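These notes concern the structure reproduced below.
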Amino acid sequence: MNTTVDSSPLPARAAVRSLVEDLIGRPVELSDGGPVPNKPNNVVAVYVTDQLAMTAVAVVDLAGAARLGGALGMLPRGGVDDAVDEGELPAMVQDNCYEALNVLSAVFNVAGGLHVRLYEMYGPNASLPSDVVSFGQVLGNRLDVVLTIAGYGDVHLSVVVR
């Protein structure tokens, strides 16, 4: 019998929380959240299989992307808050957010499943391909959470898998 896996599993909430906590070295609380509202300044990560098939999308609100990148880089909270107020991600914060979303691919790679990797991160106000936009808004096989990073605040995260 040949069992072929052609989709990624929805990551476990505990796996997402502990991965982020281990990565940034700070306590992280996880709670239920709603879908990240569709805004042009969101950060969107696209995950693909080895065959370059889009299998997951993660959407992070701008403030959350700044907090995630700032916490990873151990930046002062005031600087992170300034970036949020200005509605932009400084290059270093954006690079750190990319790294965090790259490491997040580990939650999709489970025994017997497809190998998944980060393909592209679209930064704030980037032009998104239409298939990425529609994938990110799918209802159903998704995880919508708020990660509260000690000393930095809330990261609103939506993960959608195919």
Side-chain angles (χ1 to χ4, degrees), residues 7-11 13 15-17 19-20 23-24 26 28 30 33-109 114-149 152-162:
S7 64
S8 292
L10 192 62
R13 296 162 51 95
V16 171
R17 187 200 62 76
L19 183 134
V20 172
L23 179 65
I24 62 174
R26 290 179 163 270
V28 174
L30 185 141
V36 175
N38 185 16
K39 293 185 178 176
N41 64 359
N42 288 339
V43 171
V44 179
V46 176
Y47 299 90
V48 297
T49 66
D50 289 337
Q51 292 72 37
L52 298 181
M54 184 168 42
T55 190
V57 171
V59 182
V60 182
D61 66 311
L62 176 73
R67 291 177 181 127
L68 189 58
L72 181 60
M74 296 184 285
L75 301 175
R77 169 73 191 255
V80 173
D81 290 341
D82 290 346
V84 171
D85 291 344
E86 293 166 10
E88 295 185 11
L89 290 182
M92 185 171 79
V93 173
Q94 190 163 331
D95 289 347
N96 289 347
C97 183
Y98 176 92
E99 187 55 34
L101 292 171
N102 185 35
V103 171
L104 186 66
S105 67
V107 299
F108 302 111
N109 291 306
L114 298 169
H115 176 257
V116 176
R117 65 181 174 84
L118 177 62
Y119 176 74
E120 182 78 48
M121 182 186 93
Y122 296 92
N125 304 311
S127 179
L128 294 175
S130 59
D131 60 337
V132 172
V133 172
S134 58
F135 194 125
Q137 296 173 348
V138 168
L139 300 176
N141 207 13
R142 60 184 301 133
L143 175 71
D144 299 301
V145 295
V146 177
L147 299 164
T148 303
I149 301 172
Y152 285 88
D154 292 345
V155 176
H156 295 266
L157 170 69
S158 290
V159 176
V160 182
V161 297
R162 175 170 291 159

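Remember, predicted model here, so these are calculated numbers, not experimental data.
Annotation for Val16 and Pro11: closest pair CG2-CB, 4.0 Å, computed over non-hydrogen atoms. When every heavy atom of Arg142 is checked against every heavy atom of Pro35, the shortest pair comes out as NH2-CB, 3.5 Å. Closest non-hydrogen pair, Ile149 versus Ala71, comes out as CG2-CB, 3.9 Å. The two atoms that bring Ala58 and Leu157 nearest to each other are CB-CD1, 4.1 Å, heavy atoms only. Residues Tyr122 and Val46 approach most closely at CE1-CG2, 3.8 Å, considering heavy atoms. Minimum interatomic distance between Val93 and Gly70 (heavy atoms only, all atoms of both residues): CG1-N, 4.1 Å.
Residues Leu101 and Val43 have side chains in contact (heavy-atom distance under 4.5 Å, counting atoms from C-beta outward). By the 4.5 Å heavy-atom criterion applied to side chains, Val60 and Val155 are counted as neighbours. With a 4.5 Å cut-off on side-chain heavy atoms, Arg13 and Val107 do not count as touching. With a 4.5 Å cut-off on side-chain heavy atoms, Val20 and Leu68 count as touching. A heavy-atom distance below 4.5 Å is found between the side chains of Leu75 and Met92. At least one side-chain heavy atom of Val48 sits under 4.5 Å from a side-chain heavy atom of Arg117.
For the pair Thr55 (side chain) and Thr49 (backbone), a donor-acceptor distance under 3.5 Å is absent. Counting only distance, with no hydrogens or angles, the side chain of Asn109 and the backbone of Val116 share a donor-acceptor pair below 3.5 Å. At distances below 3.5 Å, at least one donor-acceptor pair connects side-chain atoms of Asp61 with backbone N or O atoms of His156. Of the possible donor and acceptor atoms, one in the side chain of Arg162 sits under 3.5 Å from a partner among the backbone N and O of Met54.
Every residue was checked against the ring pair (Phe, Tyr, Trp, His ring centres under 6.0 Å) condition with Tyr152, not counting sequence neighbours, and none meets it.
Here CD1 of Ile24 is found 8.5 Å from CG of Leu147. Values are rounded to the nearest 0.5 Å. Taken to the nearest 0.5 Å, the CD atom of Glu120 stands 12.0 Å off from the OH atom of Tyr47. Expressed to the nearest 0.5 Å, how far CD of Glu99 lies from CG of Leu23 amounts to 7.0 Å. Interatomic distance, Asn41 CG to Leu89 CG, rounded to the nearest 0.5 Å: 8.5 Å.
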